[in-house]
Amino acid sequence: MKNLKNLTAIFGILTLLVLGCSEIQNPLDNSDLSYSNPPSFASISLPPGAVLDSAVLSLYAEDFAGTADHHVNIHRVTAPWNEATVTYNNFAASYNPAVAASFIAIGTGWYYCEVTSLVQDWLDGIYPDYGLFIEQPEAEATRFASSEYANPALHPMLKICYSLGGSSECVIIQRGTNGIVSDANIVATLPTTNLGNEDLIYITTVGSYKKQSLFQFSVEVIQELAAIGDTVWIDENQNGLQDGGEPIFPDVTVNLYDCQDNFIATTVTDGDGFYIFDNLTPGDYYVEFIKPEGYDITLQDQGADDAIDSDADPITGKTVCTTLDPGEYDPTWDCGLYLEPQDGCTLTIGFWKTHAGFGPQANVLSQYLPIWLGNAGGSESINVTDSTIAHDILMRNVYGKNKNGITKLYAQMLGAKLNIAAGAEGTDVAAVISAADDFLADHYYTDWNSLNKATKGMVLGWMSAFDYYNNGLTGPGHCD
């Protein structure tokens, strides 16, 4: 794994509700709301991997009418609003009537709310990010300093503390200091008037004369992104490994999915056979390789080196799921391709010999077995039931030696029957196959030396007909 440089993106925007609020008798000292190296941009960034420890909302009561307790109720806003345009009418009571939290204002000073669990809910995306609505039933007004208040130290604020790597840090969201804060009055007697630039937040109820307020605190969580990629190559020896000198494969389509099978993106390999999916949210993904026409996918997960093996399933073209951590670039997900036997064309006995499963190439021969050499059930016929028998016949050193004409007939005839089983047109050798099968039903390779000259010539003629067919000189032609 290695980190991608300069890969950051907004992971989420939080709007913070109040829960479990209480009052502080003495104003908070600003030194307690400390932070390190405040950023120059408009909002606070929590680093990747940070664990939220606490979140505290603080409001300063600048003016307080009367001596009775004032019950300040806070509700969750259910629709978006804008500080510069919101009015009593267009807000349209877009809040949940259930009281999400409340506190009692008893005089001038700071009031705070512990909101840690609810902030975590915002991070987890449980609620939409629309803010909070403040009202109170008492007729006597409570006035809080707004974000336009002359003394920036008394602006509404949110203090967030988090742990990362065994240490703790705290940051503040407060207009004029850091972060994005919106607040506005909405007044029943001024139903179409925007009051987003008032220096005080009023809340009171006198019959139909209502003054209510809206707050929104936003915080960005900057998260390092991830990437995945590698190469597609031609696995010439079909051993499932990218050996030195094997060519790359450009213009191969590669798809990316999450591990719930949701399609994420698609790309094609470049001139170097390379592909990459970057700017990814950390999480679980898999890659799908679309094999070009005429190619098969090589063996999967061969050897111990993930950097040079082929990771695609030979049937589906898909890799297994993998987890990408924040900032991770995993360049080990690749795919080897090889030319598949083509329908409607022929291959030499050399191809079938090297694709019988006894070397680095994939076994493509066994799927076409069993094949009879000689009529089925003939006393001297050979039933080629597995790749071991097929390989021995094609090698021409078990069922006689290469100077034996019947031995050579076995090999070329088996090659022809494999080609036909794989889809090649066999009309040109159909009569030869019938005659050779009749002969081999009664003759074994050990009979070669006892044959007369004419019969030997006939056998070698059949062998040559199959040889020409397998090499594409007759019949549908040799595969590319």
Side-chain angles (χ1 to χ4, degrees), residues 1-17 39 41-53 55 80 116-131 158 160-165 169 171 173 178-180 216-232 252-270 274-290 306-307 311-313 316-335:
M1 300 189 304
K2 62 181 180 181
N3 288 334
L4 290 176
K5 297 180 180 178
N6 301 321
L7 285 180
T8 59
I10 296 175
F11 176 70
I13 301 293
L14 305 180
T15 305
L16 304 169
L17 261 65
F41 47 82
S43 54
I44 298 300
S45 300
L46 297 187
V51 176
L52 182 66
D53 294 328
T116 308
S117 62
L118 203 46
V119 169
Q120 190 64 60
D121 287 344
W122 287 109
L123 281 169
D124 294 339
I126 295 175
Y127 299 110
D129 178 15
Y130 299 141
L158 178 74
I160 293 179
C161 295
Y162 61 90
S163 297
L164 180 65
E169 295 286 340
V171 290
I173 306 171
N178 284 298
I180 302 170
Q216 187 175 40
F217 293 83
S218 298
V219 58
E220 291 175 333
V221 179
I222 303 300
Q223 180 160 288
E224 290 183 275
L225 300 185
I228 188 172
D230 205 352
T231 55
V232 177
V252 175
T253 298
V254 188
N255 297 323
L256 180 71
Y257 293 83
D258 67 22
C259 290
Q260 287 71 50
D261 296 322
N262 296 308
F263 174 79
I264 304 299
T266 188
T267 188
V268 295
T269 55
D270 64 16
F274 176 77
Y275 78 94
I276 187 171
F277 294 104
D278 54 13
N279 294 329
L280 299 177
T281 300
D284 299 330
Y285 298 92
Y286 70 85
V287 174
E288 176 189 36
F289 298 91
I290 306 300
D306 283 337
D311 299 289
D313 183 286
T316 66
K318 298 176 180 179
T319 69
V320 299
C321 281
T322 186
T323 299
L324 298 178
D325 296 326
E328 179 182 357
Y329 170 35
D330 189 346
T332 63
W333 298 89
D334 48 10
C335 178

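What you see is a predicted model, and the numbers here were worked out from it, not measured in a lab.
Atom CG in D278 sits 11.5 Å away from atom CG in L324 (nearest 0.5 Å). Rounding to the nearest 0.5 Å gives a distance of 13.5 Å between CG of D330 and CZ of F277. In this structure, CD1 in I228 is found 9.5 Å from OH in Y285, a value given to the nearest 0.5 Å. Remark: I173 CD1 to L158 CG distance equals 4.5 Å, nearest 0.5 Å. A distance of 8.5 Å separates CG of L256 from OH of Y275, quoted to the nearest 0.5 Å. Distance check: Y286 OH to T322 OG1 gives 14.0 Å after rounding to the nearest 0.5 Å.
Nearest heavy-atom pair, G317 versus A312, reported as atom, atom and distance to 0.1 Å: O-CB, 3.7 Å. Taking all atoms of both residues into account, the shortest heavy-atom contact from L52 to I160 is CD1-CG2, 3.5 Å. When all heavy atoms of Y329 and G229 are compared, the pair lying nearest together is CE1-N, 4.1 Å.
With D325 contributing its side chain and E328 its backbone, the two residues share no donor-acceptor pair below 3.5 Å. Under the 3.5 Å distance criterion, the side-chain polar atoms of D258 are left unmatched by any main-chain donor or acceptor of D284. No donor-acceptor pair closer than 3.5 Å links the side chain of T319 to the backbone N or O of D311.
Side-chain contact between V254 and F289: present, with at least one pair of heavy atoms (C-beta onward) separated by less than 4.5 Å. Considering only heavy atoms from C-beta on, T231 stays 4.5 Å or farther from T269 through its side chain.
A donor-acceptor contact under 3.5 angstrom links the side chains of T266 and N255, judged on distance only. Side-chain polar atoms of D53 and S163 form a donor-acceptor pair below 3.5 angstrom.
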